[in-house]
Amino acid sequence: MRYFISLVFALLITMPAFSQSELSLPFGDEAGKVAYLNPKNNPGVEEPLPWGPMSFRINGQEFWVADTVAGRVYRLDAKGGILGTIATPKSGKNAVIEDIALVRDAAGTVSGVWVADGINQEAVLYSTDGKKLKTLGGPGEEPGKFRQISRIDAGSSGRLYASDKGRQVITVFQPDGKVARELPWQWSGFCLDSQENLYHLNWDSQAKRLHLLAESPDGKPLSDELLELPAHTNPELWFITSAGEAIITISPDGAPLETLKLARCTLKGKLVGILDIKLPIVMNRYLEPLDAASVWLGQVDYNKAPAGFFRLVPLKYGGKPEG
Amino acid sequence: MNRKSVYMLVLACVALLCASVPAEVYAEDPLTTLENHELTDSGQAATSNTKTTDTSVQTVAQTDKTVAALETLIKQYEELIKKLEGQVKNAKAAVAGEEGTVQVNSSLNVRAGPWGKVIGGLPRGEKIKIIGKEAPWYKISYQGGIAYVHQNYISTASQPAGRVPVVYPASYAGAIVDGTRQGGGTSGTSATSGTTTTVSGDLQTRVVKAAQALVGMRNFPYDPLTQGGSLGCAQVVSTALKNAGVLSRISLGVTVVMSDLKARGWTYAQVPPYCAGDVVTWKTYDSSGDGVKDEDTHIGIAVENGNNVQVMNNSSSQKMPRLCAANAMTLSHVLRKV
């Protein structure tokens with residue numbers, strides 16, 4: 001019996017090491033760890049969120065992790081080894097990296113990283129060796145400014161797409177930094193496909209139906225499709241898969257908001273599959289594409305830090321349409 | 001036993017040793033700092049969350065410490081009120097000929113007259129020459145003519161910015177937003193009175209508009225007792241509710257805001273679904289020092305966009321009101337006006 005228990009423990013602790021795909025990072029301020037902010041290291045502060053890494057990106061075998069509280073962006077290999085670190089300036093003792101977006105060259109190599117700075121309400125472009133190259137935005141109301149910068153994405157053309165929770169818009173910046181256009185945004189995510197077409201969601205409050213809209217890089221409407229989704233709230237569009245499916249998360253009607261379903265829909269709006277996922281507490285961007293059959297999912301509870309890990313786990317769809 | 005088994009056994013021993021190490025204990029000194037208190041508008045510290053046991057010597061000592069801390073706190077609060085009252089009394093609008101500086105996030109509306117047509121904008125930091133006063137407006141020279149800017153957004157040698165309530169006339173149709181936006185805005189009055197804006201529409205619409213207007217406001221006039229905004233959630237929410245015409249006062253305590261709402265007929269609601277305009281409280285930290293997070297330590301207002309719900313609430317680390325998911329924290333209560 002003792003041998004059996006030992007074997008189980010051994011398997012449990014060695015499993016992550018043998019896994020090629022899962023990434024686990026411990027909590028802490030040291031290099032290779034991710035910083036956190038919760039009542040354990042900030043007792044008596046009403047901070048509404050336990051903070052920690054808010055976003056991550058994948059590029060081939062590389063993980064890019066926004067260490068939100070520490071104000072740094074890690075470039076990691078598949079086993080968590082540090083390939084590089086981009087330090088972003090703090091404002092006082094605070095840093096809040098809301099999101100990151102990778103700039104890739106034609107060969108798919110990352111040539112720069114956009115960082116959404118939640119303290120200064122800016123989008124800042126860094127080279128992979130950490131040099132500050134460009135800054136867009138800043139606090140304000142006018143086009144191109146931010147009240148609460150949220151998600152960002154970088155197009156192959158050099159455009160930057162940035163959403164603002166406060167102004168409720170997606171702003172498209174030209175490569176020269178000028179505002180190309182802005183479009184209304186309902187806090188429901190957005191993404192670019194491989195052609196840099198912009199996809200976003202729109203809730204028709206009269207018909208109470210959700211639409212998937214697409215427009216070309218220069219803003220021409222391409223499609224407007226009704227999505228076949230069960231009754232829900234809080235829809236978010238994450239990305240278009242290599243199989244041409246839109247990945248959308250929803251909270252089913254009547255279910256607690258932490259109950260999430262991950263839905264796959266064709267670009268014509270047909271529901272292909274749906275499955276339950278566990279909401280990480282709390283991340284801004286917690287889903288990234290892996291392959292046609294699976295996604296990378298952030299799994300963490302910053303309330304429990306320093307216990308536990310910040311984890312990125314592969315998740316196979318495998319679900320079938322409900323009903 | 002082969003080599004692989006030995007390896008596994010060694011690893012298992014390491015795992016068992018790790019498991020036997022006791023978890024780190026986070027001892028927190030109860031009620032010794034301001035953030036552990038719920039402050040009422042009258043400056044009294046509410047002690048409803050203080051939990052004591054009469055059999056524990058340690059707890060008695062802690063209680064004594066608590067009482068002493070509360071007494072000190074009340075004294076500090078009274079002194080602060082006197083100081084602020086003095087500042088308000090001494091605050092004087094600028095006189096003609098004085099120079100002022102624009103204090104807004106990005107651009108201050110310049111108007112043809114009080115609440116008149118917007119004819120231009122002045123960037124943050126711009127110097128202006130005041131040629132007259134029509135409270136709460138300054139008359140200024142602008143592009144060869146005369147124009148008006150709201151006093152609230154101008155700092156002068158005799159009066160800092162943020163001291164003049166911005167009260168929109170009932171007929172005003174412009175957007176109700178801060179000083180950077182169309183309509184003049186709400187950069188705020190003194191820290192003790194908060195921003196003052198009147199929002200029109202039905203109650204739900206008013207609450208939501210007033211809440212959304214504060215999102216991203218980087219110069220929210222936090223009361224000094226909020227420690228620069230670290231404990232500003234109740235002030236932010238009660239400011240929005242006051243601007244919406246729901247409450248008549250701004251409070252620094254979550255439980256005070258809840259009591260005020262209940263006194264006005266708001267009742268507890270079950271969620272989901274959240275409704276736009278709901279006032280939401282969470283348990284975010286241990287305010288009583290017993291090692292357990294307490295109820296109603298943070299407060300926000302639910303707002304809606306499409307069929308997405310977020311909650312406007314104060315961010316301690318960013319020192320500004322912002323939006324976050326309602327499920328980001330452990331829910332305590334939801335208050336709704338039915």
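So you know, we letter chains A, B, ... as the sequences are listed, proteins then strands, and number each from 1. FYI, side chains are in, hydrogens and waters are out, and symmetry mates aren't considered; it's all heavy atoms of this structure.
Only the side chain of A/Ile281 has a heavy atom closer than 4.5 Å to any heavy atom of chain B. Looking at B/Val311, neither its backbone nor its side chain comes within 4.5 Å of chain A, counting heavy atoms on both sides. At a 4.5 Å heavy-atom cutoff, A/Ala307 makes no contact with chain B through either its backbone or its side chain. Of the two parts of A/Asn38, neither the backbone nor the side chain holds a non-hydrogen atom closer than 4.5 Å to a non-hydrogen atom of chain B. With a 4.5 Å cut-off on non-hydrogen atoms, B/Met320 touches chain A through its side chain but not through its backbone. At a 4.5 Å heavy-atom cutoff, A/Ile149 makes no contact with chain B through either its backbone or its side chain. Of the atoms belonging to B/Glu304, it is backbone heavy atoms, and not side-chain ones, that fall under 4.5 Å from chain A.
Judged by distance alone, the side chain of B/Asp286 and the main-chain N or O of A/Pro43 form no donor-acceptor pair under 3.5 Å. The closest donor-acceptor contact from the side chain of A/Gln148 to the backbone of B/Leu323 lies under 3.5 Å. Under the 3.5 Å distance criterion, the side-chain polar atoms of B/Arg322 are left unmatched by any main-chain donor or acceptor of A/Gly166. Side-chain N or O atoms of B/Asn307 include none that pairs as donor or acceptor with a backbone N or O of A/Ser205 at under 3.5 Å.
Here the closest heavy-atom approach between residue B/Ala328 and residue A/Pro50 is recorded as O-CD, 3.8 Å. Nearest heavy-atom pair, A/Pro39 versus B/Lys293, reported as atom, atom and distance to 0.1 Å: CG-CE, 3.9 Å. Listed here is the closest heavy atom pair of B/Pro272 and A/Gly254: CG-O, 3.4 Å. Smallest separation of non-hydrogen atoms from B/Arg218 and A/Pro139: CD-CB, 3.3 Å.
Taken from OG in B/Ser315 to CH2 in A/Trp51, the straight-line distance is 5.5 Å, to the nearest 0.5 Å. For the atom pair CG of A/Leu201 and CG of B/Asn308, the computed distance is 8.5 Å after rounding to the nearest 0.5 Å. Going from atom CD of A/Gln168 over to atom CD of B/Gln310 covers 10.0 Å, rounded to the nearest 0.5 Å. Within the model, atoms CG of B/Asn305 and CH2 of A/Trp203 stand 12.5 Å from one another, a figure rounded to the nearest 0.5 Å.
Two residues are said to be in side-chain contact when any heavy atoms from C-beta on lie closer than 4.5 Å; A/Leu37 and B/Ser317 meet this criterion. Looking only at side-chain heavy atoms (C-beta outward), A/Thr233 and B/Val309 stay at 4.5 Å or farther from each other.
By the 6.0 Å contact criterion, NZ on A/Lys304 is open, its count of non-hydrogen atoms from other residues, nucleotides or ligands being 12 or less.
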